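Written out below as structure tokens is the structure these notes cover.
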Amino acid sequence: MNLKNSGVILLMFMMAFIISACSSDGEKVSTSSNSSDGQTTADVPQEIVVRVNDDPDFLDPHKATASISYQMIMNLFEGLMAPETNGSLKEGLAESYEVSEDGLTYTFKIRQGVKFHNGDDLTMDDIQYSFDRLMGKSGGEKMSNNFDNVASTEAPDASTFVIKLKEPNSNFLYSLTARQSAIIPKSNDGKHNENPIGTGPFAFVKYAPGTNLELKKNDNYWQEGLPYLNKVTFTFQSDDQAAIMSLMANEVDLTSVPWHRVSEVEGGYNLTHQNNNSSLIITFNETKAPFDNVKVRQAINYAISKSDIIDSVFAGYAVPLGSNMSPAMGDFQKKGLESMYERDIEKAKALLAEGGYPDGFKTKITVSSHNDMYSNIAQIAVANLQEIGIEVEIEVVEWGIWLDRVYFGRDYEMTTIDLTGRASAYEVLNDYISTNDSENFFLFKNDEYDKIMTDVLKETDQAKQIEYYHRAQEILAEQATAVYIADYQIVWGSDKQVTGLKSYPFWFHDMSEVQFSN
């Protein structure tokens, strides 16, 4: 699973894919148009069915936490800024922006003529409402910590929005995409989850829990000529093996392909190998004994075989990690940490004894059922840990229960999950800040780490920022905050007629430029 902020639940970059589906009456709907590259789409149904592992946790973009939600709902919403596939940013609902010399004042010129899906014009009241809601200034609870540094927001005229910060923040613009601060209509207050409305290329049609989420083309989208698709259906199917059968039966048009079944779909479908820019981990609740003991955590790191997991679970489609950052982040990743805990059973036993557990102990690892890989990883970990006297019970729970109990409730001992990759190095690492109550589900606390993550936001020199981020990763490794296993690849299988697929450094099935071509 990947999460919005931790990422818990889903780079290099996580890809957007899609494909053809039947209309609700069972007949194909065709359109005739030309794509931007001259390819004809005449008589090709522009309806797509995309298989995802599970339901969104929320359709309200300000409440959504799981990145599995953002795979889908970012097609509905937009922010002042928008993500690029290379990890950079571009203007979104803001046509342009300026930052003052002192780094405290951000002035945005807002696009004119933008409409919400219900036909209402985007106004400054909607933008102000959206940020007030996120910051808890509308009488409700605060929904994001990203704006704690905001001193004020104002709209001096009908096309200008100004955000003033208390302190400079080198990462602030990354907080302004739909993933962190979607702009939503004030008129829809109280109904954002049951009837989500945005300005994105697709509009909400219906949500059937446990079945699917259906979207339709936004005919009034401000980007001329987009989108190409008339209908997008995200269908929920947790079983990877069943999903392959659905692909072969033409019931879905895109799905991830289990690593061991790639050969079965080669030739008949387009296959793409995509790196996640995520961190697959086995982690601990550090407030519960014995995981409050760094020697115990280090012992577990030495005992668990990353290579066994990479070979057995991912058939080699993964790269080992040593911190919470993938090689996809380039210079921001501290290289060499992946070999810090080379498997050493005798050293693991010695550390366990030093930590006060010479005979081992019993514990439980709680995993989500929405992807088989978590149970498979847990089984390998159980076998590895038995060798040093640690007996581990595997508890498999539904995705919603995992979110409620493990991520939000922090009621667990061990778990395994993959933390979502993001374009910003700060956002990759801020999950571990002790005061980040909404995301630090490990309950990790380290004063040096907290100071580094505060100081890096004030640093404008990228080389110095990289030094800060490298030290932060070293601390995570030294403290054995988790067993950092791998950044694994997803193998996607899709219809050969699908074009316009895009890949981002986080989970996002971007449908805006996708189409079927002859």
Side-chain angles (χ1 to χ4, degrees), residues 5-8 11-12 170-171 276-286 291-307 310 318-344 347-348 350-351 354-355 417-436 439-487 505:
N5 297 319
S6 344
V8 189
L11 281 151
M12 295 188 218
S170 61
N171 192 66
N276 283 323
N277 185 27
S278 67
S279 302
L280 177 68
I281 64 173
I282 294 173
T283 195
F284 326 99
N285 183 336
E286 295 195 16
F291 304 111
D292 56 349
N293 188 318
V294 66
K295 291 187 181 295
V296 170
R297 300 196 302 268
Q298 290 172 338
I300 291 173
N301 266 267
Y302 277 114
I304 291 179
S305 173
K306 296 179 186 179
S307 61
I310 289 172
V319 293
L321 296 182
S323 77
N324 204 61
M325 198 170 287
S326 161
M329 296 301 292
D331 291 340
F332 288 103
Q333 188 209 28
K334 173 66 176 178
K335 295 174 176 58
L337 296 177
E338 63 275 6
S339 59
M340 185 171 180
Y341 293 101
E342 294 286 357
R343 192 160 196 252
D344 189 329
K347 193 165 188 176
L351 281 166
E354 290 175 27
I417 205 67
D418 46 314
L419 303 181
T420 306
R422 283 155 284 178
S424 158
Y426 179 83
E427 291 177 9
V428 170
L429 296 174
N430 76 343
D431 299 345
Y432 297 89
I433 298 172
S434 64
T435 55
N436 190 356
E439 299 165 18
N440 184 4
F441 76 103
F442 337 91
L443 299 175
F444 175 70
K445 180 174 174 56
N446 182 278
D447 291 341
E448 182 187 0
Y449 191 92
D450 287 351
K451 186 175 188 306
I452 285 171
M453 295 300 287
T454 296
D455 292 346
V456 74
L457 291 178
K458 302 173 185 177
E459 182 55 65
T460 57
D461 185 289
Q462 188 177 84
K464 292 181 179 178
Q465 289 176 5
I466 288 173
E467 291 178 8
Y468 280 124
Y469 290 130
H470 282 188
R471 178 56 192 151
Q473 292 169 73
E474 289 173 346
I475 293 171
L476 294 179
E478 292 164 1
Q479 293 297 309
T481 308
V483 181
Y484 296 103
I485 301 169
D487 179 13

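It should be emphasised that the depicted structure is a prediction, and the values quoted were computed from it without experimental measurement. For this chain, numbers begin at 1 and follow the sequence in order.
For E338 (side chain) and G336 (main-chain N/O), a donor-acceptor pair under 3.5 Å exists by modelled atom type. A donor-acceptor pair is defined here as one N or O able to donate and one able to accept, closer than 3.5 Å; no such pair exists between the side chain of N436 and the backbone of N440. Judged purely by atom type and a 3.5 angstrom limit, Y341 has no side-chain atom pairing as donor or acceptor with the backbone of G322. The backbone N or O of L321 sits less than 3.5 Å from a side-chain atom of K306, completing a donor-acceptor pair. Judged by distance alone, with hydrogens and angles left aside, the side-chain atoms of Q465 form a donor-acceptor pair with the main-chain N or O of E459 at under 3.5 Å.
Rounded to the nearest 0.5 angstrom, N171 CG and M453 CE are separated by 8.5 Å. To the nearest 0.5 angstrom, I485 atom CD1 is 10.0 Å from S305 atom OG. Rounding to the nearest 0.5 angstrom, the gap separating the CZ atom in F441 from the CG atom in N285 is 9.5 Å. From Y468, atom OH reaches atom CD of Q462 across 14.5 Å, with rounding to the nearest 0.5 Å. The structure places CD of E448 at 10.5 Å from CG of D450, a figure rounded to the nearest 0.5 Å. How far CZ of R343 is from CD1 of I304: 9.0 Å, rounded to the nearest 0.5 Å.
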>> Please determine whether side chain to side chain contact (heavy atoms under 4.5 Å, CB included) holds for the pair F284 and V483, giving the CA-CA distance in whole Å, both sets of side-chain angles, and the decisive distance to 0.1 Å.
In response: CA-CA 9 Å; F284 326 99; V483 181; 4.2 Å; yes

>> Y449 vs T481, test: side chain to side chain contact (heavy atoms under 4.5 Å, CB included). Steps then yes/no.
In response: CA-CA 12 Å; Y449 191 92; T481 308; over 6 Å; no

> Can you check side chain to side chain contact (heavy atoms under 4.5 Å, CB included) on L419 and S278, steps first, answer last?
Replying inline: CA-CA 6 Å; L419 303 181; S278 67; 5.9 Å; no

> Run the side chain to side chain contact (heavy atoms under 4.5 Å, CB included) check on F444 and I475 step by step: do they pass?
Replying inline: CA-CA 11 Å; F444 175 70; I475 293 171; 4.2 Å; yes

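Taking both residues in full, the closest heavy atoms of M340 and A477 are given as SD-CB, 3.5 Å, listed atom of the first, atom of the second, then distance. Nearest heavy-atom pair, S326 versus D487, reported as atom, atom and distance to 0.1 Å: OG-OD2, 2.7 Å. Smallest separation of non-hydrogen atoms from S170 and V456: OG-O, 3.4 Å. Closest of all the heavy-atom pairs between S323 and S279 is O-OG, 4.1 Å. A pairwise comparison of heavy atoms in E439 and N430 identifies OE1-OD1, 3.3 Å as the closest pair. Closest heavy-atom contact between V428 and D431: O-OD2, 4.1 Å.
Counting heavy-atom neighbours within 6.0 Å of E478 CD, excluding the residue itself, gives a total above 12.
For the side-chain hydrogen bond (donor to acceptor under 3.5 Å, both in side chains) test, residues two or more places apart in sequence or in another chain that qualify with Y432 are N324, Y484.
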Could you pull out all donor-acceptor pairs under 3.5 Å where a side-chain atom in residues 328-335 meets a protein atom, sequence neighbours excluded?
residue : atom : partner : partner atom : Å
Q333    : NE2  : M325    : O            : 3.3
K335    : NZ   : G330    : O            : 3.3

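Ion pairing between a basic and an acidic side chain is recognised when a charged N comes within 4.0 Å of a carboxylate O; R471 and E474 show such pairing. Ion pair E286/K445 not flagged as a salt bridge, since none of the NZ, NE, NH1 or NH2 atoms sits closer than 4.0 Å to an Asp/Glu carboxylate oxygen.
Contact check for F442 versus L476: no side-chain heavy atoms found under the 4.5 Å cut-off.
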